[in-house]
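All remarks here apply to the structure that follows.
Letters A, B, ... mirror the listed sequences (proteins, then strands); counts begin at 1.
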Amino acid sequence: GENVEQHPSTLSVQEGDSAVIKCTYSDSASNYFPWYKQELGKRPQLIIDIRSNVGEKKDQRIAVTLNKTAKHFSLHITETQPEDSAVYFCAALFGNEKLTFGTGTRLTIIP
Amino acid sequence: KAGVTQTPRYLIKTRGQQVTLSCSPISGHRSVSWYQQTPGQGLQFLFEYFSETQRNKGNFPGRFSGRQFSNSRSEMNVSTLELGDSALYLCASSGLQGGETQYFGPGTRLLVL
């Protein structure tokens, strides 16, 4: 069935360092992979997404890489700041428009 | 454009009762998906509606149901509430075709006593 695994579940990073969150997916036909950030008490918000026809996408301090052969994709945050502290969810679009989420990564930036 | 809205924002019910939650998508969006979010289980997909038809369904019991109206507004209903149904229920809307960005509403926090 459709499955997205996300690691790690928690991550603590010193301010200014980089953070990397990894996800693997089960369906090789998946072609859309968004990342959402959810701050405490708020709704998930899209921060970056990637489609299967590209291998990497960057937006300022965040980037996503996709390896379709290995069926995994990763979120990279560089020069982390306290406001990056949140829960991050990866997701993959399966079959007929069903978006399946990973279990989330709680990222804490240590000042 | 106004964002996705959900009503009510908070709800307290007792076991055995039923509840109806409402979601209004972004204007022009025809797809509405519902998710249950709990601390231990992350975001669990409930179902997705597109043009008034249920297009996808997650692995939830039949007590969870939904519908979509011609104006794309959607409702979900939970009957015979159980304590374990306490959660944040999020809906998300997206545009016409597949692979579109999903925009989330603020959620309805349901507490079952």
Side-chain angles (χ1 to χ4, degrees), chain A residues 1-10 21 23-27 29-54 57 59 64 66 68 73 86-107, chain B residues 2-7 9-10 21 23-26 29-51 53-60 66 68 74 87-109:
Chain A
E2 303 107 351
N3 190 44
V4 176
E5 292 190 2
Q6 182 171 348
H7 300 280
S9 56
T10 60
I21 303 169
C23 289
T24 60
Y25 58 98
S26 58
D27 185 355
S30 299
N31 59 10
Y32 176 63
F33 309 91
W35 285 88
Y36 286 82
K37 174 184 180 182
Q38 187 175 27
E39 296 177 67
L40 190 62
K42 296 189 177 181
R43 72 190 77 185
Q45 296 213 312
L46 180 80
I47 54 172
I48 195 167
D49 57 12
I50 191 167
R51 298 184 188 274
S52 58
N53 57 348
V54 298
K57 184 176 177 181
D59 183 3
V64 57
L66 171 64
K68 283 218 75 178
F73 56 112
V87 178
Y88 291 81
F89 292 95
C90 64
L93 191 70
F94 291 97
N96 190 16
E97 318 317 323
K98 181 178 176 181
L99 198 62
T100 298
F101 284 83
T103 49
T105 296
R106 182 173 299 280
L107 175 64
Chain B
V4 179
T5 58
Q6 290 185 245
T7 57
R9 294 292 312 278
Y10 304 92
L21 312 182
C23 172
S24 292
I26 291 171
H29 283 189
R30 291 164 60 185
S31 170
V32 174
S33 298
W34 287 89
Y35 299 88
Q36 182 194 65
Q37 186 173 33
T38 56
Q41 298 296 319
L43 282 159
Q44 300 291 311
F45 174 78
L46 282 154
F47 29 65
E48 184 236 354
Y49 286 87
F50 181 85
S51 293
T53 301
Q54 187 181 86
R55 192 160 63 171
N56 281 292
K57 190 177 189 304
N59 299 321
F60 278 80
Q68 186 179 34
S74 178
L88 179 67
Y89 291 88
L90 292 158
C91 77
S93 76
S94 62
L96 289 174
Q97 301 300 325
E100 297 285 335
T101 299
Q102 289 200 4
Y103 296 91
F104 283 87
T108 294
R109 187 164 297 280

Is it the case that atom CG in A/N53 sees more than 12 heavy atoms from other parts of the structure closer than 6.0 Å?
yes

Does a sphere of radius 6.0 Å around CZ in A/R106 hold more than 12 heavy atoms from other residues, nucleotides or ligands, not counting ones at 6.0 Å or beyond?
no

Are there residues of residues 35-44 of chain A whose heavy atoms fall under 4.5 Å of chain B's heavy atoms? If so, which?
A/Y36, A/Q38, A/R43, A/P44

Check whether B/F47 gets within reach of chain A through its side chain, its backbone, both or neither, counting any heavy atom under 4.5 Å.
neither

Go through the atoms of B/L90 and report whether side chain, backbone, both or neither lie under 4.5 Å from a heavy atom of chain A.
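The side chain, not the backbone.
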
By side-chain hydrogen bond (donor to acceptor under 3.5 Å, both in side chains) - contacts of B/Q6 (at least two apart):
none

Return the set of residues passing side chain to side chain contact (heavy atoms under 4.5 Å, CB included) with B/K57 (not counting sequence neighbours), or none when no residue passes.
B/Q54

List the residues meeting side chain to side chain contact (heavy atoms under 4.5 Å, CB included) with B/S24, not counting sequence neighbours, and say none if there are none.
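B/S24 satisfies side chain to side chain contact (heavy atoms under 4.5 Å, CB included) with B/T5, B/R73 once adjacent residues are dropped.
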
Report the distance from atom CG of A/L93 to atom CD of B/Q102, rounding to the nearest 0.5 Å.
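Nearest 0.5 Å value for the CG-CD distance: 8.0 Å.
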
Would you compute the distance between atom OG of B/S94 and atom CG of A/L46 and round it to the nearest 0.5 angstrom?
12.0 Å

Quick check: do A/F101 and B/Q37 have side-chain heavy atoms less than 4.5 Å from each other?
no

Give the member of B/G58, B/P106, B/G107 that has the highest number of heavy-atom pairs under 4.5 Å with chain A.
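Going by pairs under 4.5 Å, I would pick B/P106.
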
